[in-house]
Each structure stands twice: as C-alpha cells, then as structure tokens.
Amino acid sequence: QVQLVESGGGLVQAGGSLRLSCVVSGSIYSINLVGWYRQAPGKQRELVAELSSGGSTNYADSLEGRFTISRDDAKNTVYLQMNSLKPEDTAVYYCNAWITELYGYGVQVDYWGQGTQVTVSS
C-alpha cells in the first residue's frame, strides 16, 4: 500500500513562515498530480495548491502568492512553503497525491495524508 505522512505544522505568530513536508512511501510506480488542502473549523476542505508531474501549478486565489508548492521526486516528497501567515490560515493541512502503484496497470489512485495542524496566532 501507499502512505502519505505530513510534518512541519505547529504554532507560529502572524507574519511568520512554515514549511510543510509530505513523504510518500510504498509500492510506487509514479507520483502524478499532488496537492495541499486545508480545513478550518466549521468550514469545508479547500484546495490550497496543486502541482502536476510536468510542473504546472494551480493556487487558490485567496493565498495571493504567499504559498509555494514544490516536489522532490528523488525523495518522494512534496512541500508547501507558507510565508506571511495570517490567523485565517489556521487549519488542518492535508497532503493529496494521485499515485500509480507498481503492477497497477496505469490506474491512478487518490491518496490522502492524516493532516497536520497549523495554528497562526495574532
């Protein structure tokens, strides 16, 4: 099976920065589209950023260029650099990846991490 494990969350003051990491492990043939989502209390889960294997990115308009998604294929790791954090960024952040597994016959499967808490104080 495939597992996604996030790390790097925590408590930070407004204006600070955090770098989230998502390590993908298991029987992987290829990691295709990856993304970060977040869910604040009382709200639906929303897309933060996504990144294709070809390097195309898509960001939520509300982030205004403060967040950057990247990937290191040699380490099977996805990153989210978060700068100029605001209290409204407080949420559980989830890593998402569409993965083709070994002997999966080209089928892409949607996997999610367990989430990591990001809390921004004012």
Side-chain angles (χ1 to χ4, degrees):
Q1 64 181 37
V2 172
Q3 293 182 334
L4 278 62
V5 180
E6 302 100 328
S7 63
L11 177 64
V12 64
Q13 295 184 48
S17 298
L18 284 174
R19 188 195 193 197
L20 306 183
S21 298
C22 173
V23 178
V24 183
S25 62
S27 301
I28 303 166
Y29 177 78
S30 64
I31 303 174
N32 310 120
L33 183 69
V34 298
W36 287 94
Y37 293 73
R38 68 185 184 185
Q39 187 167 22
K43 300 181 66 177
Q44 291 186 254
R45 187 174 299 187
E46 65 176 352
L47 173 70
V48 174
E50 59 184 9
L51 172 64
S52 73
S53 59
S56 298
T57 58
N58 182 41
Y59 294 92
D61 292 338
S62 61
L63 296 181
E64 301 176 357
R66 296 181 294 116
F67 291 9
T68 303
I69 186 172
S70 62
R71 63 197 293 171
D72 186 337
D73 291 334
K75 297 180 179 179
N76 286 343
T77 303
V78 185
Y79 304 97
L80 182 68
Q81 179 67 46
M82 305 185 294
N83 299 324
S84 302
L85 285 163
K86 305 174 181 179
E88 50 263 44
D89 294 321
T90 295
V92 177
Y93 284 72
Y94 298 90
C95 181
N96 168 249
W98 289 87
I99 296 171
T100 301
E101 299 179 63
L102 291 173
Y103 309 106
Y105 300 98
V107 178
Q108 296 188 41
V109 180
D110 190 16
Y111 284 93
W112 292 87
Q114 82 289 347
T116 184
Q117 177 71 48
V118 172
T119 303
V120 184
S121 62
S122 60

Geometric class of the F67/Y93 ring pair [parallel <30°, tilted 30-60°, perpendicular >60°] | tilted
Heavy-atom distance under 4.5 Å between the side chains of [X] and [Y], does that happen here?
{"X": "V120", "Y": "T90", "answer": "yes"}
{"X": "R71", "Y": "S53", "answer": "yes"}
{"X": "L51", "Y": "V78", "answer": "no"}
{"X": "L11", "Y": "Q117", "answer": "no"}
{"X": "I31", "Y": "D73", "answer": "no"}

Stepwise side-chain hydrogen bond (donor to acceptor under 3.5 Å, both in side chains) check, Y111 with E101 | CA-CA 11 Å; Y111 284 93; E101 299 179 63; 2.6 Å; yes
Indicate, with yes or no, if [Y] and [X] share a hydrophobic cluster defined by side-chain heavy-atom contacts under 4.5 Å among Ile, Leu, Val, Met, Phe, Trp and Tyr.
{"X": "L63", "Y": "L47", "value": "no"}
{"X": "V92", "Y": "V5", "value": "no"}
{"X": "Y103", "Y": "Y29", "value": "yes"}
{"X": "V118", "Y": "I69", "value": "yes"}
{"X": "Y59", "Y": "L20", "value": "yes"}

Output the distance between atom [atom1] ([X]) and atom [atom2] ([Y]), rounded to the nearest 0.5 Å.
{"X": "Q1", "Y": "S25", "atom1": "CD", "atom2": "OG", "result": "8.5 Å"}
{"X": "L80", "Y": "E6", "atom1": "CG", "atom2": "CD", "result": "11.0 Å"}
{"X": "T119", "Y": "D89", "atom1": "OG1", "atom2": "CG", "result": "11.0 Å"}
{"X": "R38", "Y": "T116", "atom1": "CZ", "atom2": "OG1", "result": "14.0 Å"}
{"X": "I28", "Y": "N76", "atom1": "CD1", "atom2": "CG", "result": "4.5 Å"}
{"X": "T68", "Y": "M82", "atom1": "OG1", "atom2": "CE", "result": "11.0 Å"}

With distance as the sole test, does W36 use its side chain to make a donor-acceptor pair with the main-chain N or O of Y79 at under 3.5 Å?
-> yes
